[in-house]
Amino acid sequence: NRRIEATIYGNLGTIMFKQGQYEQSEKNYQRALTIDKLINDIPAEARTRFNLGNLFRGWGQQTESQERLFAALEYYYQALNLQMEVQDRL
């Protein structure tokens, strides 16, 4: 089941993030995002993009990287837009 697979990758991403393994976290979140888009699960895609935003915000603060902070901002906006799209459908 692809939905379960995406959830597992998302959970792995969260665990890696909490351990400070940012590159591995990103890889797992990106795998989850690919599946979310493939199966057209918009709420899950929004959640994964939000998680990527959290990752890049934390990563950027740790490394003082403006590039990663801007990436976090972009992911948050994407998540917000997707969430608004879901709300409009209701």
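Keep in mind it's a predicted model, so treat the numbers as computed, not measured. All values below were derived from every heavy atom in this structure, side-chain atoms included, with hydrogens, water molecules and symmetry-related copies excluded. We number each residue from 1, following the sequence as shown.
L33 is not connected to Y9 by any chain of hydrophobic side-chain contacts under 4.5 Å among Ile, Leu, Val, Met, Phe, Trp and Tyr, and they are in different clusters. Note on W59: it clusters hydrophobically with Y75, by side-chain heavy-atom contacts below 4.5 Å among ILVMFWY residues.
When atom types are taken as modelled, the side chain of Y29 and the backbone of T14 share a donor-acceptor pair closer than 3.5 angstrom. In terms of modelled atom types and a separation under 3.5 Å, the side chain of T7 and the main chain of R3 share a donor-acceptor contact. At least one donor-acceptor pair closer than 3.5 Å links the side chain of N28 to the backbone N or O of Q24.
Taken from NZ in K37 to CD1 in I42, the straight-line distance is 12.0 Å, to the nearest 0.5 Å. Residue E26 holds its CD atom at 13.5 Å from CD of Q21, rounded to the nearest 0.5 Å. Rounded to the nearest 0.5 angstrom, N40 CG and I35 CD1 are separated by 14.0 Å.
Taking all atoms of both residues into account, the shortest heavy-atom contact from A79 to A46 is CB-O, 3.3 Å. Taking all atoms of both residues into account, the shortest heavy-atom contact from S25 to L55 is OG-CD1, 3.7 Å. Residue A44 comes nearest to D36 through the heavy atom pair O-OD2, 3.2 Å, listed as atom of the first residue, atom of the second, then distance. The shortest non-hydrogen separation linking A6 to A32 is O-CB, 3.4 Å. The heavy-atom pair separating A72 from R57 by the smallest distance is CB-N, 3.4 Å. Heavy atoms only, all atoms of each residue included: R2 and L38 are closest at NH1-CD2, 3.6 Å.
Residues that satisfy the side chain to side chain donor-acceptor pair (under 3.5 Å) test with Q78, not counting sequence neighbours, are R49, E74.
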- Task: With side chain to side chain contact (heavy atoms under 4.5 Å, CB included) as the test, would you mind laying out the steps for I15 and Q19 before giving the verdict?
- Result: CA-CA 6 Å; I15 291 167; Q19 293 178 338; 4.1 Å; yes
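Side-chain contact between L12 and R31 is absent, with no heavy-atom pair separated by less than 4.5 Å. Under the 4.5 Å side-chain criterion, counting only non-hydrogen atoms from C-beta, Q30 is in contact with L52.
Applying the under-4.5 Å side-chain rule to Ile, Leu, Val, Met, Phe, Trp and Tyr, the cluster around F50 extends to Y76.
Atom CD of E85 has more than 12 neighbouring heavy atoms from other residues, nucleotides or ligands inside a 6.0 Å radius. In E23, the CD atom is not crowded: 12 or fewer heavy atoms of neighbouring residues, nucleotides or ligands sit closer than 6.0 Å.
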